[in-house]
Amino acid sequence: MQAFSVHLPPPAAAQAPIMMPEGFAFWALVFGPLWLIRHGVWWWGLAGLVVSLNASTPVVVAVHLLCGLCGRDARRAALARRGWRLEAVVVAENADAALRRLLAARPNLAGLFQP
């Protein structure tokens with residue numbers, strides 16, 4: 001079972017909600033600071049990139065490991081700073097099952113999710 005946090009955009013934004021899985025981010029481990037930048041965590045990503053370009057191999061490995069362990073937490077914090085609201089945490093086998101479970105519990109959110 002996997003936990004997913006559901007984040008709703010600010011009222012003025014015309015974006016779909018984000019269902020973010022909780023836990024370790026494998027692709028953040030692989031791509032490190034670039035993954036953070038791709039997901040809008042600019043300051044952490046740029047700082048990690050500068051450190052990675054100017055450090056020895058053990059430090060680069062540590063930066064990538066830190067990105068994998070804390071990347072989703074940093075992404076959630078960045079969303080909160082931009083006005084996104086944590087709406088719910090749903091536990092299910094995969095993202096589709098989590099969406100079905102969320103919409104069964106909160107049918108008023110159905111209009112926010114695009115098919």
Side-chain angles (χ1 to χ4, degrees):
M1 297 295 263
Q2 174 77 42
F4 294 87
S5 57
V6 180
H7 301 269
L8 298 181
Q15 295 176 316
I18 295 174
M19 292 192 60
M20 188 182 321
E22 300 289 319
F24 186 78
F26 174 76
W27 293 112
L29 171 71
V30 173
F31 292 108
L34 297 177
W35 185 90
L36 292 172
I37 292 170
R38 160 70 176 87
H39 289 287
V41 188
W42 297 98
W43 291 111
W44 283 49
L46 291 174
L49 196 59
V50 168
V51 168
S52 293
L53 293 175
N54 296 314
S56 61
T57 303
V59 174
V60 173
V61 170
V63 166
H64 280 250
L65 184 59
L66 186 64
C67 289
L69 291 170
C70 300
R72 290 196 174 127
D73 295 328
R75 185 177 176 201
R76 271 191 298 282
L79 287 173
R81 280 192 303 274
R82 291 195 302 262
W84 288 67
R85 190 180 79 226
L86 174 64
E87 182 65 22
V89 177
V90 183
V91 178
E93 293 180 10
N94 55 37
D96 293 332
L99 179 58
R100 284 192 302 273
R101 182 175 258 186
L102 172 70
L103 295 179
R106 296 263 189 76
N108 61 326
L109 296 178
L112 298 175
F113 288 90
Q114 303 288 335

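For the numbers below, each heavy atom of this structure counts, side chains included, while hydrogens, waters and symmetry mates do not. If you're wondering where the values come from, they're calculated on a predicted model, not measured in any experiment.
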> Which pairs of donor and acceptor atoms, one on a side chain in residues 89-111, lie under 3.5 Å apart (sequence neighbours left out)?
unit_1	atom_1	unit_2	atom_2	d
Asn94	OD1	Asp96	N	3.2
Asn94	OD1	Ala97	N	2.8
Arg101	NH1	Val91	O	2.4
Arg106	NH1	Glu87	OE2	2.7

> Should the heavy atoms of other residues, nucleotides or ligands under 6.0 Å from CH2 of Trp35 be counted, would the total exceed 12?
yes

> Could you tell me whether a side-chain N or O of Gln2 sits under 3.5 Å from a main-chain N or O of Glu22, the two making a donor and an acceptor?
yes

> I'd like to check Val60 versus His64 (side-chain heavy atoms, cut-off strictly below 4.5 Å). Are they in contact?
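In short, these two side chains touch, coming nearer than 4.5 Å.
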
> Check for me, please, whether Val50 and Val63 land in the same ILVMFWY cluster - side-chain distances under 4.5 Å, paths through other members count.
no

> Return the NE2 to CZ distance between His7 and Arg75, rounded to the nearest 0.5 Å.
8.0 Å

> Tell me whether Arg76 contacts the main-chain N or O of Ser5 through its side chain, where contact means a donor paired with an acceptor under 3.5 Å.
no

> Are Leu53 and Trp43 connected in the hydrophobic side-chain network, where two residues link if heavy atoms are under 4.5 Å apart?
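No: no chain of side-chain contacts under 4.5 Å links Leu53 to Trp43.
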
> Please test Leu8 against Trp84 for side chain to side chain contact (heavy atoms under 4.5 Å, CB included), starting from the C-alpha separation and ending with a verdict.
CA-CA 6 Å; Leu8 298 181; Trp84 288 67; 5.6 Å; no

> State yes or no: do Phe31 and Leu36 share one hydrophobic cluster built from I, L, V, M, F, W and Y residues joined by side-chain heavy-atom distances below 4.5 Å, directly or via other members?
yes

> Can you tell me how far CG of Leu46 sits from CD1 of Ile37, rounded to the nearest 0.5 angstrom?
4.5 Å

> I'd like to check Val6 versus Ile18 (side-chain heavy atoms, cut-off strictly below 4.5 Å). Are they in contact?
no

> Would Trp27 and Val41 show up in the same hydrophobic cluster when neighbours are defined by side-chain heavy atoms closer than 4.5 Å?
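As far as the 4.5 Å side-chain criterion goes, Val41 and Trp27 are connected within one cluster.
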
> For Arg72, check salt bridge (Lys or Arg N to Asp or Glu O under 4.0 Å) against everything at least two apart and list the hits.
none

> Is the number of heavy atoms from other residues, nucleotides or ligands under 6.0 Å of Arg82 CZ greater than 12?
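Above 12, so yes.
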
